[in-house]
Amino acid sequence: MDATELIPGGFHFFKPDTRDGVEPWREWRERGSVKSLHYYFIDFGISRHYTSNTGIRDVGILAQDQSFPERSMTIPYDPFKTDIFHLGNVILKIVKEYDGLEYFSRIGNVMTRKNPAERASLPEVLAMIDCLKPKQLKRRVWSKDNPVFFRILTQFFGYDFCM
């Protein structure tokens, strides 16, 4: 997440309650007061640096998500298609945990196809997201653990429970 809007002066990477590692920061904004935060998925445990993004082949079996089908120590695979797979799995896990995100199941499914050649590319995924209707994207998202009683209180009476 880019916290620039939440903590205008920034924070230290190792001591997040300080601005520079020494002096505590005093200025921050509440999450609800910031219009939009940007979230980034940056690492799936297999990060490497490549000088190009075309024709890259790699080998390896280490990753946070061990379920990617092409993992191999001997047969080279496209690491960018592997990233698509990992991000698709993250999307599917989030959809399973929350009500209101069902529209993203289709996107997660095309990103996690067993055959890497059949997986959606990043531009295809973005095009699928662009096709979602504004009403779908503005839907309230609920944790599946959130009891219906609390949902009713929140929706009809304005109570807001942090659950």
Side-chain angles (χ1 to χ4, degrees), residues 1-21 25 28-29 31-32 34-146 163:
M1 175 186 77
D2 178 1
T4 306
E5 296 295 318
L6 288 175
I7 307 168
F11 60 92
H12 192 270
F13 71 97
F14 190 69
K15 294 183 177 181
D17 58 338
T18 69
R19 184 178 313 266
D20 58 3
W25 47 262
W28 66 88
R29 297 181 180 127
R31 166 63 184 95
V34 177
K35 282 202 174 212
S36 67
L37 291 175
H38 296 277
Y39 292 87
Y40 301 93
F41 289 94
I42 60 169
D43 183 18
F44 300 106
I46 55 174
S47 296
R48 293 217 172 91
H49 181 269
Y50 303 104
T51 56
S52 169
N53 64 352
T54 57
I56 302 297
R57 293 285 181 245
D58 210 340
V59 294
I61 59 171
L62 298 177
Q64 292 177 10
D65 179 351
Q66 293 288 311
S67 67
F68 65 107
E70 62 267 31
R71 64 185 223 141
S72 171
M73 288 300 290
T74 57
I75 302 170
Y77 55 84
D78 180 347
F80 303 114
K81 288 289 188 173
T82 302
D83 283 347
I84 294 287
F85 181 88
H86 289 307
L87 183 56
N89 255 355
V90 170
I91 290 169
L92 291 175
K93 286 178 184 174
I94 292 171
V95 168
K96 285 181 186 173
E97 292 181 25
Y98 293 90
D99 286 330
L101 296 173
E102 297 79 17
Y103 306 107
F104 287 92
S105 290
R106 182 172 156 258
I107 296 168
N109 287 332
V110 298
M111 294 173 74
T112 56
R113 290 183 176 148
K114 194 169 187 168
N115 181 349
E118 295 175 2
R119 286 183 203 145
S121 66
L122 193 52
E124 291 168 337
V125 170
L126 293 173
M128 292 173 73
I129 293 170
D130 286 342
C131 287
L132 293 173
K133 296 176 180 146
K135 185 177 178 181
Q136 294 169 318
L137 295 174
K138 290 180 182 177
R139 227 180 124 190
R140 175 104 187 195
V141 176
W142 300 94
S143 169
K144 291 195 176 178
D145 296 336
N146 199 324
M163 292 196 75

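Worth knowing before you read on, the calculation uses all heavy atoms, side chains too, and leaves out hydrogens, waters and symmetry mates.
- In terms of heavy-atom proximity, Pro76 sits nearest to Thr74 at CD-O, 3.4 Å.
- With values rounded to the nearest 0.5 angstrom, Phe104 atom CZ is found 12.0 Å from Leu92 atom CG.
- Residues Phe68 and Asn89 are not in side-chain contact: their nearest non-hydrogen atoms beyond the backbone lie 4.5 Å or more apart.
- Residues satisfying the salt bridge (charged side-chain N to carboxylate O under 4.0 Å, His left out) criterion with Asp58, sequence neighbours excluded, are Arg48.
- Proximity of Lys144 to Asp99: side-chain heavy atoms (C-beta onward) are separated by under 4.5 Å at one or more points.
- By the side chain to side chain contact (heavy atoms under 4.5 Å, CB included) test, Arg113 is found to be paired with Val110, Glu118, Arg119, residues two or more places apart in sequence or in another chain being considered.
- In this structure a side-chain-to-backbone donor-acceptor pair under 3.5 Å is missing from Tyr50 to Arg57.
- Smallest separation of non-hydrogen atoms from Asp65 and Phe85: OD2-CE2, 4.2 Å.
- Nearest heavy-atom pair across Lys114 and Pro69 is O-CG, 3.4 Å.
- Under the 4.5 Å side-chain criterion, counting only non-hydrogen atoms from C-beta, Leu122 is not in contact with Phe80.
- Taking each heavy atom of Val125 and Met111 in turn, the nearest pair found is CG2-CG, 3.6 Å.
- The number of heavy atoms from other shown groups lying within 6.0 Å of CG (Leu137) is above 12.
- Under the side-chain hydrogen bond (donor to acceptor under 3.5 Å, both in side chains) criterion, the residue pairs touching residues 120-137 are Ser121-Glu124, with sequence neighbours excluded.
- In this structure, Glu70 CD and Ile75 CD1 are separated by 11.0 Å, a value rounded to the nearest 0.5 Å.
- Closest approach of Gly88 to Thr112, counting heavy atoms only: C-CG2, 3.5 Å.
- Nearest heavy-atom pair, Ser105 versus Val95, reported as atom, atom and distance to 0.1 Å: OG-CG1, 3.2 Å.
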